[in-house]
There are 2 protein chains.
Amino acid sequence: MGRWQPDAQVRLQEAALALYGERGYEETTVAEIAERAGLTKRTFFRYFTDKREVLFRGSELLEQQMVAAIEAAPASASALGLIGAALDAAAIRFEEVREFAGPRHRIIASSHELQERELIKAASLAAAMAGALRARGLGDTTAALAARTGTTIMHVAFEQWVEDPDQTPFQRIARDVLAQLREIASTG
Amino acid sequence: MGRWQPDAQVRLQEAALALYGERGYEETTVAEIAERAGLTKRTFFRYFTDKREVLFRGSELLEQQMVAAIEAAPASASALGLIGAALDAAAIRFEEVREFAGPRHRIIASSHELQERELIKAASLAAAMAGALRARGLGDTTAALAARTGTTIMHVAFEQWVEDPDQTPFQRIARDVLAQLREIASTG
DNA sequence: ACGCTGATGTCACCTGGTGCCATCACCTTA
DNA sequence: TAAGGTGATGGCACCAGGTGACATCAGCGT
């Protein structure tokens, strides 16, 4: 056994999630999180750039998987078809973490600061997807629109999914939302 | 002449915009902004809740006008027709402040923190528009989708408008973007 | 002359976040 | 086995954003 307990980063994450849930995000101090994990404030900031980021580990993975899905889609796919493929990839990821999604979502919903961070993660995701769409030959405006529309659908579907007592699969909800968007755009 | 110089809030805004532009947002201190305006740090925080907010006065007005446009649209309007009406209202506002839009946009683009703030303003705007759409009888999901799509179009159009050397009117750009979105949704 | 009001200043304080250096178990190498 | 390097961590000082409590003081009405 080494000098240090292993998994310091994971311990910090668990401590933060627990404390944010118990006392609330604003009322929790970084020093308290660190103490609960058996570490110090200074070490917390070696693992996470700030107090918010501890809730967002894994967002790069989601981004990678959605981009990969766009890259792997058949050449015949339309813009919305590519978005659908990306949403299918997101569905897999969300189902994997369903257990933590609810508590985490409630914490984020309780804090303005955390919502800001979530929104910029979505913007980063949209930018990455737009890049992948341009790489497939879509025009700049089309790529930007399709990518942002993808994150819009993802968020609207996510909010229904995370609160759904029937635990309907994310994929089904996202497809319904996508279909509704199509209808909105084709009507009038 | 009164004991205090008038327009303290405006002076703070001007000082902040100038300093953020000259030295950069992160390198500027609230105390410096206040000093330039002939005030103190404490007074800055009486007018603005934080260092970011000083760049976002007027966002409530934009929100009000876009919501009002939705409420005032003819009863026959479709969901995207209502979004178009809101975008027309935004166009008027943007043209009014075109002079400041470029510098302000560059400052925001230079800072992660400011982008976060801008994104949550957009989210607030989308929530307000969704409420107005529901009040006109649209379903929850449709309202949420249409409202967020509206802010998406607004942002994509804004980025083209603010950098456009030809000074094409925002309204024309937004209509083109909206048309492109329709095409994306109807293809494939 | 008196007291009220409201914008501002002053001061003390907390917390997020960072730079710098010390510590110390483990590993390598001679 | 002893010497020295390595890497995760602790400790400390410090800065800036942000807030609460209280003092100040011109103008106003009475």
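Residue numbers start from 1 in every chain, and the chains themselves are labelled A, B, ... in the order their sequence lines are given, proteins ahead of strands.
Between the CG atom of L12(A) and the C1' atom of dG10(D) there is a distance of 14 Å, rounded to whole Å. Note: CG (D50(A)) to P (dA16(D)) measures 19 Å, nearest angstrom. The CZ atom of F48(B) sits 16 Å away from the C1' atom of dT8(C) (whole-angstrom rounding). For the pair F44(A) CZ and dT18(C) P, the computed distance is 11 Å after rounding to whole Å. Distance Q9(B) CD to dT8(C) C1': 15 Å, rounded to the nearest Å. One atom, CZ of R23(A), and another, P of dT15(C), lie 11 Å apart when rounded to the nearest Å. The distance from atom CZ of R52(A) to atom P of dT15(C) is 16 Å, rounded to the nearest whole Å. For the pair D7(B) CG and dA7(C) C1', the interatomic distance rounds to 14 Å; values are reported in whole Å.
Listed pair T43(A) / dG10(D) meets the phosphate criterion, a side-chain N or O lying under 4.0 Å from OP1 or OP2. At the phosphate of dA8(D), neither OP1 nor OP2 sits under 4.0 Å from any side-chain N or O atom of Y47(A).
Using a 4.0 Å cut-off between charged side-chain N and carboxylate O, R36(A) and E22(A) make a salt bridge. Under a 4.0 Å N-O distance rule, the pair R93(B)/E63(B) does not qualify as a salt bridge.
Using a 4.0 Å cut-off on heavy atoms, the residues of residues 25-41 of chain B that approach DNA chain D are T28(B), T29(B), V30(B), K41(B), listed by number.
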Would you tabulate the pairs of protein nitrogen or oxygen atoms and nucleotide nitrogen or oxygen atoms of nucleotides 20-22 of chain C closer than 3.5 angstrom?
none

Without placing hydrogens or testing angles, list every side-chain donor-acceptor pair under 3.5 Å for residues 181-188 of chain B, not counting sequence neighbours.
from    : atom 1 : to      : atom 2 : distance (Å)
R182(B) : NE     : A185(A) : O      : 3.2
R182(B) : NH2    : T187(A) : O      : 3.2
R182(B) : NH2    : G188(A) : O      : 3.2
S186(B) : OG     : R182(B) : O      : 3.1
S186(B) : OG     : E183(B) : O      : 3.1
T187(B) : OG1    : E183(B) : O      : 2.6

Contacts under 3.5 angstrom, residues 126-150 of chain A side chains, donor-acceptor by atom type, not counting sequence neighbours:
from    : atom 1 : to      : atom 2 : distance (Å)
R136(A) : NH1    : I70(A)  : O      : 2.9
R136(A) : NH1    : A73(A)  : O      : 2.9
R136(A) : NH2    : P74(A)  : O      : 2.9
T141(A) : OG1    : Q160(B) : NE2    : 3.0
T142(A) : OG1    : Q180(B) : OE1    : 3.2
R148(A) : NH2    : E159(B) : OE2    : 3.3
T149(A) : OG1    : L145(A) : O      : 2.7

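E32(B) is linked by a salt bridge (Lys or Arg N to Asp or Glu O under 4.0 Å) to R23(B), counting only residues two or more places apart in sequence or in another chain. With sequence neighbours left out, E53(A) forms a salt bridge (Lys or Arg N to Asp or Glu O under 4.0 Å) with R117(A), K121(A).
When side chains are defined from C-beta on, Y20(B) does not count as touching E27(B), because their heavy atoms never get closer than 4.5 Å.
Around atom CD of E35(A), no more than 12 heavy atoms belonging to other residues, nucleotides or ligands sit under 6.0 Å away.
In this structure, the side chain of D7(B) does not engage the main chain of R11(B) through any donor-acceptor pair within 3.5 Å.
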